[in-house]
Structure formats: C-alpha cells, structure tokens
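For the numbers below, each heavy atom of this structure counts, side chains included, while hydrogens, waters and symmetry mates do not. Throughout, residue positions are numbered sequentially from 1 according to the sequence presented. Just follow the structure's listing: the first ligand is 1, and inside any ligand the first atom is 1.
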Amino acid sequence: MKVFVALLLLVQLLSYKAVRIRPHGPLNLRVIDCDDPESEEAAAVALNYINAHHPHGYKYALNSIEKIKVLPRRPFGEIFMLELDLLETMCHIVNPLPIENCTVRPLTEHVVEGDCEVKLLKLDGKLSVLSSKCHSTPDSAEDVTEICADCPILALLNDTRVINAVDLALAKHNKEHDGAYLRLLEIGRAQIQHLPDSVSVEFAVVVTNCSTKDAQDHVDDCQPLPEDLTQFGFCEAAVTSKDNVRVSCAIYEHQPGVTHRHLIHDHLGGQLPTLALGVKHHDLRHFHHGSVHDKSQSSSAEIPVGLQSPNPVVKRDVGAVLDPAISHPPIDPTPQKFPVCPGRIRHFQV
Ligand SMILES: *[C@@H]1O[C@H](CO)[C@@H](O)[C@H](O)[C@H]1NC(C)=O
Ligand SMILES: *[C@@H]1O[C@H](CO)[C@@H](O)[C@H](O)[C@H]1NC(C)=O
Ligand SMILES: *[C@@H]1O[C@H](CO)[C@@H](O)[C@H](O)[C@H]1NC(C)=O
C-alpha cells in the first residue's frame, strides 16, 4: 500500500511537472498586421539600425512593411521577423539629418529600391536588432524613360566622364573657397545626359587639415582632421564642359562619435574602391549583420509557424467533456487570423 501511495504521488508529481513544463503553448503566437503600430515601431528600429550601419551611399526611408511574423522566444521575449521595402533618400550617410527629415528621391531621378529582412528581439518592451540582410536595386532604365523620356539614368560610378566631372567640380570648389581643403570620399551617384551633354554627380567629401593655399604646395600632406574633429560634406555638381561647372557643397558640423572610418580608409587611397567599379549605386548588400535565417542562436527558443498545432483547443475539450455544464460539441477551429500584409505604401510603388 505504501508503495502504491508513493507511486500515486510520484505519478501526480510527474503529471504536475508535465503540465508545468510548457507554461506557454503555441497559443502564444501573435498575429499582427503590417500597419499595426507595433509593426511600425519595429520597422523604425530596424531602419535606424540599417541607416547607422550600412557603410556607403545613401540613407534609406521606409516605403512599406511587406511581412511580419512574431514568434515567442523562450524563456522570455518575442522574435520579430520583418520584411521591409525601402527607398533611397537624398541624404548621403555622412549627412547628419535624421531619416525622417530626408527626402525620398523622386521617380524622375532614377530611384533605388531596397529590400531588407530584419530579425529583432523584443524584451521587456525594448526592441533590438539581432540580424539583418539587405540588397538594393535601381529601378529599370525602361521604367525611368517611361515616366519621362528625357530623364537621365544612372551612370557607372567608374565611368571616365563621371570621374572627370567629380575632379573638375571639387577642384572648382576648392579654388573658389578660402576654407579648408576638401578631399573626395565617395561618389554617391551620377547621371549622364545627352544633348546637351551634361554630367550630374553627387559626392561625399571630408575636410582636411590644410587650407586651400597649403594644398597648392603639398596636397599629399592634407589629411582628414583627427577623429575628434572629423567633418564631412556633400557636393552636387553639373558639368557640361571644362569651363561650365556648377558645384555646391554643404559642410556638416562635426558629429561626436561619427567617424565613418571605413569610408576614409576605403576611399582616400587615391583610387576608386573595388566596390565602386562597374556599378551604378552602392548596394545595400555590402552591409549585413548576422544571418536572418541562422537559427543556431535561438532554434530551441522559437516555434516555427509551420509546426503550430492547427487546433490547439482539442486537448482542452477532452477535459471539458467531463463537466456537463460546459460540455459542448467540438467547436469549429476558429478561423486562423492572417495578418493584413503588405502594409500601406508611404511613398510610391516602384
Ligand atoms: C526635422 O523635421 C522636423 C519635423 O518636420 C523638424 O521639427 C525638425 O526641426 C527637423 N530637424 C532638422 C535637423 O532639420
Ligand atoms: C596634416 O596632417 C598630416 C598628417 O597628420 C601632417 O603630416 C601635415 O603636416 C598636416 N598639414 C598641415 C597643414 O597641418
Ligand atoms: C569600370 O569597372 C568595370 C569593372 O571593374 C570595368 O570592366 C570597366 O572597364 C570600368 N570602366 C571604366 C570606364 O574604367
């Protein structure tokens, strides 16, 4: 008898444990819409991360949230998987303007679209990026000419005419301004127009420790200011001939902690970095962090949607039948709610 009681206790203990082992069932999966404020909050965190980390070219703005999945993470928190559609803005990454203040490039200027998959962790209401993977592509030339037949399309960044235009524009700026001598950091984009021939370029610059006078004598000694003083700038120019150069540059104030070390390192060697050879824009794929599909860090912590029990209510019904007060025929599985996605388009469809 004692053995029996002990066994009974053990069984009870075990079954109690068995129940306690899975305090959250798959019911914990949450479905939220792409335009839900919570999705938008996650997208904003992802976007800031992407803009703060991608090392070349321009900042991107959110165009739409394509997909969102929210998975429980054991023991705490949730995993957000986002797919975002982005558009290139007119702010180069050296531009300190917050992304909300950056203008999206209009369709007539040959837009560049970005696609990102971002995985975030939400813990205690705080979102952080675990991994992200992006790429970007310019709109097709056919699309651009369809909108406006005369709109110039993006040119190769290493096109000789582009490099010449940038050199002429920067030389003109340095000649006509008394301030610090500027050096080229990166050509952001270029468009070549025919009849009349004109090359439009945009490029990022860095302020050096030379005056433009110093530079005339020993330009090779002109180096970017030390990191606690670094200053960047951005120039736009249109060059129709050697004698017809329009250029305007904006120099940004020093931003504490912003060094863009990779830009200075990659670009001040005198030659174009290999990244800029044979391409028309700086692809977002050159930056990625972690692997969105890598489950190694949290495989046991996530429940893939596919494995979700289609009708988790069944198990409870078995017990419920014992109580006549709440006995009822098996209810239809509640129609599964699908998120309303993709979300709204903030700018335009490309
Ligand atoms: C950005 O835009 C907001 C709202 O339009 C404005 O209040 C703010 O001054 C702008 N910030 C900068 C740095 O221009
Ligand atoms: C600028 O910095 C470089 C390297 O630090 C130094 O060799 C050069 O003399 C400096 N030039 C001026 C004008 O201060
Ligand atoms: C630009 O780079 C590509 C790829 O390296 C090369 O094939 C092409 O000849 C370059 N164009 C010019 C004008 O240098």
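- At least one test fails for R73 against the ring of F80: distance under 6.0 Å to the centre or angle within 45° of the axis.
- The closest protein non-hydrogen atom to atom 7 (O) of ligand 2 is D221 O, 4.4 Å.
- Nearest non-hydrogen protein atom to atom 1 (C) of ligand 2 is N209 ND2, 1.4 Å.
- On a distance-only criterion, N158 and ligand 3 share at least one N/O pair closer than 3.5 Å.
- Protein heavy atom nearest atom 5 (O) of ligand 3, with residue, atom name and distance: L277 CB, 3.6 Å.
- Each of the atoms 13 (C) of ligand 2 lies under 4.0 Å from some heavy atom of D214.
- Close to ligand 3: T160, with a non-hydrogen atom less than 4.0 angstrom away.
- Distances below 4.0 Å separate heavy atoms of Q223 from the following atoms of ligand 2: 3 (C), 4 (C).
- Rounded to the nearest 0.5 Å, atoms NE2 (H56) and NE2 (H260) are 11.0 Å apart.
- Across R189, K59, E202, E186, a single residue satisfies side chain to side chain donor-acceptor pair (under 3.5 Å) together with H92, and that is E186.
- From the protein, the heavy atom lying nearest to atom 4 (C) of ligand 1 is N101 ND2, 4.7 Å.
- Atom CZ in R105 sits 15.0 Å away from atom CD in E113 (nearest 0.5 Å).
- Nearest approach of P138 to L154, heavy atoms of both residues: CB-CD1, 3.9 Å.
- Rounding to the nearest 0.5 Å gives a distance of 6.5 Å between CG of D197 and NE2 of H194.
- In terms of protein heavy-atom proximity, atom 13 (C) of ligand 1 is closest to L97 CD2, 3.7 Å.
- Distance check, rounded to the nearest 0.5 Å: CG of L229 to NE2 of H254 gives 6.5 Å.
- Less than 4.0 angstrom separates atom 9 (O) of ligand 3 from none of the non-hydrogen atoms of the protein.
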